[in-house]
Amino acid sequence: MKPILKYILLSGTRDRLYLGLFISLIVSFSLSIFLGSTALVEEQQMTTAYIGGLSRAVLIVGTILFVCLNINRAFENKEVEFILSKAISREQFILSYLAGFFIAAFLIIIPLVSAILLVTKANKFGLLIWSLSLLSELMIMISFALLASLILKNSFSSIMASIGFYIISRLMGMFVMAINLPAKVTSETFEFSARSFGLILKFLSVIFPRLDLFGQSEWLNYGITDFGNLKIILFQSLIYIPLMIFMAFHDFKKKQF
């Protein structure tokens with residue numbers, strides 16, 4: 001497993017992942033400072049919120065691209081067949097790649113947190129919880145991106161599937177709020193459609209995680225005000241990450257090389 005971990009971390013340097021994310025974060029910090037300076041009140045708080053939101057989006061997109069392209073290249077270059085020809089099981093192969101991606105995500109978050117401490121006056125406890133929830137969010141997206149790459153076998157399709165999964169999960173809070181809305185605002189004529197819409201939303205709320213609860217920018221300014229959300233974040237991380245790993249195990253076992 002150690003050679004695979006080393007390979008994943010070195011591929012981040014080879015693919016210019018760290019350099020690309022570093023440049024993107026500098027741009028997001030600069031844009032956040034500019035947008036925050038235009039605020040009439042709470043300029044520092046606005047800057048911190050923009051930095052939290054933009055840097056989160058940059059990390060998610062960069063991680064999805066890195067995982068999907070890396071897995072697709074491993075299949076195209078016959079690296080998977082070469083690794084599996086050694087004394088390693090398919091489960092160990094998946095876990096090794098996941099561990100490498102998780103470590104890479106952790107190494108990226110450390111300088112980001114240090115930069116936020118230097119540039120802003122973020123709440124330290126809120127920043128700690130924000131960074132841990134962001135790490136959990138990245139782990140969920142890494143697991144899904146790897147699963148999508150194994151199933152779809154196409155980098156473009158897996159990238160679009162992962163981004164679609166992330167967007168729907170980020171909007172899940174709005175979907176949950178809208179479950180009871182149609183019954184209040186629609187007439188009796190559209191009652192059946194409203195009920196069907198509510199059932200669809202309930203079904204989606206079960207399948208997709210509530211990523212809107214992860215990495216909330218308000219934590220950076222005001223700390224933690226609702227610890228109930230932290231329980232949901234912990235529970236969903238413990239459910240979705242192992243679930244997608246076992247799904248990857250099941251799919252990878254059926255592949256013929």
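What you see is a predicted model, and the numbers here were worked out from it, not measured in a lab.
Centroid-to-centroid, the aromatic rings of F102 and F106 stay 6.0 Å apart or farther.
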Report task. Go through the steps for N221 and N123 under the test side-chain contact (heavy atoms from CB on, under 4.5 Å), then give the verdict. Result -> CA-CA 6 Å; N221 287 318; N123 182 283; over 6 Å; no
Report task. Might you work through the side-chain contact (heavy atoms from CB on, under 4.5 Å) test for T120 and L220, ending with a clear yes or no? Result -> CA-CA 9 Å; T120 69; L220 300 176; over 6 Å; no
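Between Y50 and L31 there is no side-chain heavy-atom pair separated by less than 4.5 Å.
Listed for the N154 side chain is a donor-acceptor partner under 3.5 Å among the backbone atoms of F156.
The two residues G36 and T47 have their closest heavy-atom pair at CA-OG1, 3.3 Å.
Rounded to the nearest 0.5 angstrom, L238 CG and S136 OG are separated by 8.5 Å. Distance check: L98 CG to F93 CZ gives 10.0 Å after rounding to the nearest 0.5 Å.
Evaluated for a side-chain contact (heavy atoms from CB on, under 4.5 Å) with S32, the options I51, T48, V119 yield exactly one hit, I51.
There is no path of hydrophobic side-chain contacts, each under 4.5 Å, that joins V27 to L65. When hydrophobic clusters are built by joining Ile, Leu, Val, Met, Phe, Trp and Tyr residues whose side-chain heavy atoms come closer than 4.5 Å, directly or via intermediates, I224 is grouped together with L117. Note on L132: it does not cluster hydrophobically with Y240, by side-chain heavy-atom contacts below 4.5 Å among ILVMFWY residues.
In this structure, F66 and F101 have perpendicular ring planes: the angle between them is above 60°, well past the 30° mark.
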